[in-house]
Each structure stands twice: as C-alpha cells, then as structure tokens.
Amino acid sequence: MPFDFLQPQADLSARNTLALPARAKWLATVTQTGQLAVLATHPEFRSLPRLALGCGSNLVFSGDFQGTMIAIALKGREYLRADDTAHYVAAAAGENWHDFVQWTLAQGWPGLENLVHIPGTVGAAPIQNIGAYGMEAGSLIDSLEVADMATGGEIRRFAATDCAFGYRQSIFKREGWHRTGRCVITRVIFRLPKHWQPHTAYGEVAAELARAGVTRPDPLQMAATIADLRRRKLPDPATLPNAGSFFQNPVVSAEFAAALASAHPDLPRHPQPDGNVKLSAGWLIEQVGWKGRNLGRVGMYEKQALILVNRGGANGRDVLNLGRAVREAVFARFGVQLVPEPVIVGGARS
Ligand code: EPU
C-alpha cells in the first residue's frame, strides 16, 4: 500500500472549529479502511498515540499532538433495505453529518430532522451520541462498524445495544476508545421509521411551531424550524470559531436538585428517566455572570452562555483557562461540577 496518505508535521489549525493552533506528528487522510490496517500494524505507527478526526468540531487542541491524527475521509451512503417498520440507510464515517441528514430527508426517509446543522461527521456522531431539540442520534442507529486497531484494523460490527448510548455518552467514550484510538468508526447504519412522528416536545420547538401556527408539522417544516432556532442562538464556526456546547448539562440527584431549587426557584430542571435531574449548564453560567464575558482572546457567547468562542488568535491555553474560571465560578455558587463536553487533546488538561 502506498504511504502517500500520510503527512508529517501537519498543521491542524484549519482542522478544528475553535481554530486553535496545533500540529500533529503525522496526519493520515484515510479514504479506504485498508489504510487503518496499515496504521494498526506498521512498526512506525502501531505504537504511536492516535486519534480519529472528523470535522474537529468537538475538539480542543491544548498543544501539539505527538501521534497520528487520523482524518476520516471515508465516503459513501446507500439505501440497504426496509422491513415493516423502518428504512435502513448506511453512511461512511467521513460523510458530513448535515449533508447526510438533508439527503435522507430529500429521499423521503425522515427521522433525523431535529439534528440538522450539527457540525461534524457521521462517524463522530455515535461517540458522544449527538443530540439536540429532544432527540439523540443513538435512538435511530441500528448498528455500526469499527476498525479494531488492537487487532490490526479488523472490521467489527456493534449493534446499537452494544454501544450503550446515553446523554452525550457511548461505550466508545466511556471506555476512552475515542481518545486512545482503540476503535475507529468506519460506517454507521441508521434505522429510519416508516411511521414517522414529529418530535415537538422540546420547549423552544413547541413555542416556535405555535408561533407559526403549525399544528401538524411535516419533516421539512421540522427541519426548517430547527434550522431557524439554531441560526438564532448558535454561532457559525466559519465566522466565530467555537466547538458547540463547551460543557455537558450536569445530571444530579433529585435530592440535590430539590435543595438547589429551594435556594434558586428559577433553576431549570429536567427530570430524567432514571430519577436524576438534568440542569442547564447555560443557565448556571449565565447566573454567575459569564454570559457574553471574555477572558483574553476567548469568551462565553452572548446569545448562549454554554458556547465558548474564540474571539481571534486564541490558543488552547486560553480556552482551558476560561473553562477553569467558569467551572470554578459555577462550583463556588451552586456546588455543581461542570464537565467539558469536547475532547481535550495535546497534553494539558482543563
Ligand atoms: N439557558 C440560559 N442561558 C443561556 C443558555 C441556556 O439560561 O445562555 C437555559 C435556559 O433555561 C434554556 C435552557 O438553558 O431554556 C436550555 O438551553 P438550550 O435550549 O439552548 O439548550 P442547552 O441545554 O443549553 C443543549 C445541547 C445543545 C443543543 C441544545 C438544543 C448540551 C450540552 N447541549 O444545549 O447541543 O443544540 O440543547 O437541543 O446538551 C452541543 O452539544 O454542542 C450543542 C450545541
């Protein structure tokens, strides 16, 4: 196999949506799964740290990466089959997430419409089980394929039940396989319902549909509504670099949430099926005064306090410093530990 898919000392600054400066010892642009087998077995590469890279929309480069950054450029999408209840549609890991969602909608296979415009690739979606507006990608994943880098890049299949999807969680993340490059997702198979129902329960979505006088939205109306909501609150990384939500929404016990709510009656609370309560990190950050406030070259976005933005020329250190300041302020006031949502790469930790 030729080695022209490998580039030494590669600049990653255009490969992360926070636009942070960083280099990788090697950048591998993978267009065929056989190249993963080379990285898993070749003596020069098999013991180097590795990390899969999609659009870099959920990464913070805190410094250079002394390993192989694997840019997943596997392409292709196909209709596989149908059964009584669903259409089965596959996409290679390097497909752009939003383009894939748009394509399924244009083909008449709705289901993913609440997840339009999420930056990233299809292969990155299962790792943190991307979610928005009352829906998570994991709920429509049938199965996926991964290259097992510990066994020479052998392709293995995971059923959705093997993936242990939860709120911003999966087996890949829980086991740290996304950090160690143990598994690289190569293809995802979706199960899109034939009997489609809109997901309209999310407060802002319901309010927006009511405002527009729409009572029975079709999939394209849902997609357009979500697109509008996102445009209003979430900055476009092309004009204001960011990595989406910088923290996960904290999930706390019902007792803790009740005690907090008695001191802060406006506290937004979202009971979870397991009895715990999800709080809104954006609200907590706004309460401690960080919404719209900068620290050097970075800041928390003025329209959505959960988004950390690069105001120009920031590096990973700036990002981690702001992350720490916000976490400390929230902990001091509410006793809640915020956990960063993006993966932090390159040595330093927040
Ligand atoms: N809030 C504030 N101030 C803010 C932001 C939020 O008070 O500045 C409070 C409000 O009470 C609001 C609630 O937080 O009603 C929820 O806010 P929003 O609907 O904007 O959602 P979020 O919980 O802040 C999550 C996801 C987003 C996703 C939106 C919409 C996480 C970590 N983030 O944000 O996902 O787009 O819901 O579903 O779960 C991402 O993960 O990168 C991301 C952008």
Side-chain angles (χ1 to χ4, degrees), residues 16-18 54-60 97-98 101 112-121 124-139 165-170 173 199-208 222-223 225-237 240-252 257 260-261 264-272 276-293 299-309 323 326-327 329-330 333-334 336-343:
N16 71 101
T17 61
L18 263 167
C55 297
S57 55
N58 201 47
L59 285 179
V60 176
W97 173 263
H98 175 69
V101 173
L112 296 170
E113 57 285 338
N114 286 36
L115 304 179
V116 287
H117 288 291
I118 296 184
T121 56
I127 292 176
Q128 64 151 337
N129 185 19
I130 59 170
Y133 300 103
M135 178 184 283
E136 290 176 346
S139 67
F165 291 123
Y167 168 64
R168 294 298 193 271
Q169 196 54 276
S170 71
K173 193 169 160 186
H199 287 257
T200 57
Y202 199 85
E204 274 193 315
V205 175
E208 188 67 14
M222 283 299 294
T225 304
I226 303 287
D228 275 355
L229 288 175
R230 292 188 69 96
R231 238 189 315 272
R232 263 181 256 155
K233 280 175 72 174
L234 302 174
D236 178 356
L240 188 56
N242 72 88
S245 299
F246 192 75
F247 297 105
Q248 298 178 34
N249 282 325
V251 178
V252 300
L260 209 54
H264 306 278
D266 298 338
L267 179 81
R269 284 179 287 167
H270 310 281
Q272 300 298 291
N276 288 327
V277 176
K278 196 197 273 182
L279 307 178
S280 292
W283 186 89
L284 299 171
I285 295 168
E286 184 168 348
Q287 297 302 305
V288 296
W290 271 106
K291 186 174 187 171
R293 188 172 151 200
M300 304 310 290
Y301 189 48
E302 44 281 8
K303 295 184 198 160
Q304 220 298 8
L306 195 44
I307 314 279
L308 186 153
V309 296
V326 170
R327 277 210 332 253
V330 167
R333 172 91 167 272
F334 297 105
V336 174
Q337 285 281 7
L338 292 181
V339 174
E341 193 199 67
V343 179

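Just so you know, ligand 1 is whichever comes first in the structure, and atom 1 is the first atom listed for that ligand.
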K.L.:
Please list the nearest protein heavy atom to atom 13 (C) of ligand 1 with its residue and the distance rounded to 0.1 Å.
P.N.:
S280 OG, 3.4 Å

K.L.:
Could you find the nearest protein heavy atom to atom 39 (O) of ligand 1 and give me its residue, atom name and distance?
P.N.:
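The closest heavy atom on the protein side is Y167 OH, 2.7 Å.
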
K.L.:
Out of all atoms in ligand 1, which are within 4.0 Å of some heavy atom of E341? Include the element for each.
P.N.:
32 (C), 40 (C), 41 (O), 42 (O)

K.L.:
What is the nearest protein non-hydrogen atom to atom 42 (O) of ligand 1, stated with its residue, atom name and distance?
P.N.:
S245 N, 2.8 Å

K.L.:
Give the contacting part of A305 toward ligand 1: side chain, backbone, both or neither, where contact means a heavy-atom distance below 4.0 Å.
P.N.:
both

K.L.:
State the atoms of ligand 1, each with its element, that fall below the 4.0 Å cut-off from a heavy-atom position in K233.
P.N.:
18 (P), 19 (O), 20 (O)

K.L.:
Just to be sure I read this right, does ligand 1 sit under 4.0 Å from the backbone of Y202, its side chain, both, or neither, counting only heavy atoms?
P.N.:
side chain

K.L.:
Which of the numbered atoms in ligand 1 are under 4.0 angstrom from any heavy atom belonging to F247?
P.N.:
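Those atoms are 32 (C).
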
K.L.:
Report yes if the side chains of V277 and L279 come closer than 4.5 Å at any heavy-atom pair, otherwise no.
P.N.:
yes

K.L.:
Quick one: are L115 and W97 in side-chain contact, heavy atoms under 4.5 Å?
P.N.:
yes

K.L.:
Considering the heavy atoms of E286, write down every atom of ligand 1 situated less than 4.0 Å from one of them.
P.N.:
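Taking each heavy atom of E286 in turn, ligand 1 has 2 (C), 3 (N), 4 (C), 7 (O), 8 (O) under 4.0 Å.
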
K.L.:
If you measure every N/O of N249 against every N/O of ligand 1, is any gap under 3.5 Å?
P.N.:
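Yes, since at least one N or O of N249 sits under 3.5 Å from an N or O of ligand 1.
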
K.L.:
With side chains defined as the heavy atoms from C-beta onward, is the minimum distance between Y167 and E136 less than 4.5 Å?
P.N.:
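Side chain of Y167 against side chain of E136, heavy atoms only: contact under 4.5 Å found.
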
K.L.:
Return the residue, atom name and 0.1 Å-rounded distance of the protein heavy atom closest to atom 1 (N) of ligand 1.
P.N.:
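Among all protein heavy atoms, the one nearest atom 1 (N) of ligand 1 is W283 N, 3.6 Å.
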
K.L.:
Is atom 10 (C) of ligand 1 in close reach of the protein, with a heavy atom under 4.0 Å away?
P.N.:
no

K.L.:
In ligand 1, which numbered atoms sit nearer than 4.0 Å to a non-hydrogen atom of L306?
P.N.:
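Going through ligand 1 atom by atom, the ones under 4.0 Å from L306 are 24 (O).
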
K.L.:
So for ligand 1, is K303 a polar contact partner (N or O within less than 3.5 Å, distance only)?
P.N.:
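In fact, backbone or side chain, K303 has no N or O that close.
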
K.L.:
Out of curiosity, F247 CZ to Q337 CD, how far, rounded to the nearest 0.5 Å?
P.N.:
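Reported to 0.5 Å precision, the distance equals 10.5 Å.
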
K.L.:
Please determine whether side chain to side chain contact (heavy atoms under 4.5 Å, CB included) holds for the pair V205 and M222, giving the CA-CA distance in whole Å, both sets of side-chain angles, and the decisive distance to 0.1 Å.
P.N.:
CA-CA 9 Å; V205 175; M222 283 299 294; 4.0 Å; yes

K.L.:
Go through the steps for L18 and L308 under the test side chain to side chain contact (heavy atoms under 4.5 Å, CB included), then give the verdict.
P.N.:
CA-CA 9 Å; L18 263 167; L308 186 153; 4.2 Å; yes

K.L.:
Starting from atom 38 (O) of ligand 1, locate the nearest protein heavy atom and write down its residue, its atom name and how far away it is, to 0.1 Å.
P.N.:
Y133 N, 2.6 Å

K.L.:
Is Q304 touching ligand 1 with its side chain, its backbone, both, or neither, if touching means heavy atoms under 4.0 Å apart?
P.N.:
both

K.L.:
Run the numbers for me: atoms of ligand 1, each under 4.0 Å from some heavy atom of A132, listed by number.
P.N.:
36 (O), 38 (O)

K.L.:
Hey, can you tell me if W283 and F334 have their rings parallel, tilted or perpendicular (30° and 60° cut-offs)?
P.N.:
tilted

K.L.:
Does atom 15 (O) of ligand 1 have any protein heavy atom closer than 4.0 Å?
P.N.:
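False for atom 15 (O) of ligand 1.
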
K.L.:
Run the numbers for me: atoms of ligand 1, each under 4.0 Å from some heavy atom of K291, listed by number.
P.N.:
3 (N), 4 (C), 8 (O)

K.L.:
Going through the distances and angles, do R232 and E204 end up as a salt bridge (charged side-chain N to carboxylate O under 4.0 Å, His left out)?
P.N.:
CA-CA 12 Å; R232 263 181 256 155; E204 274 193 315; over 6 Å; no

K.L.:
Has the side chain of R333 got a donor or acceptor atom that lies under 3.5 Å from a matching backbone atom of L284?
P.N.:
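Not confirmed, R333 side chain does not pair with L284 backbone.
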
K.L.:
Against heavy atoms of G244, which atoms of ligand 1 measure under 4.0 Å?
P.N.:
42 (O)

K.L.:
Do me a favour and list the nearest non-hydrogen protein atom to atom 35 (O) of ligand 1 with residue, atom name and distance?
P.N.:
R168 NH2, 2.9 Å

K.L.:
Going through the distances and angles, do Q169 and N129 end up as a side chain to side chain contact (heavy atoms under 4.5 Å, CB included)?
P.N.:
CA-CA 6 Å; Q169 196 54 276; N129 185 19; 6.0 Å; no

K.L.:
Would you call S280 and H270 a side-chain contact if the rule is heavy atoms closer than 4.5 Å?
P.N.:
yes

K.L.:
CG/L240 to CD/E302 distance, rounded to the nearest 0.5 angstrom?
P.N.:
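Output value for this atom pair is 7.0 Å.
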
K.L.:
In the complex you have, is atom 4 (C) of ligand 1 within reach of the protein, judged by whether a heavy-atom distance drops under 4.0 Å?
P.N.:
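Flag for atom 4 (C) of ligand 1 set to true, protein heavy atom closer than 4.0 Å.
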
K.L.:
Please test K291 against M300 for side chain to side chain contact (heavy atoms under 4.5 Å, CB included), starting from the C-alpha separation and ending with a verdict.
P.N.:
CA-CA 5 Å; K291 186 174 187 171; M300 304 310 290; 5.7 Å; no

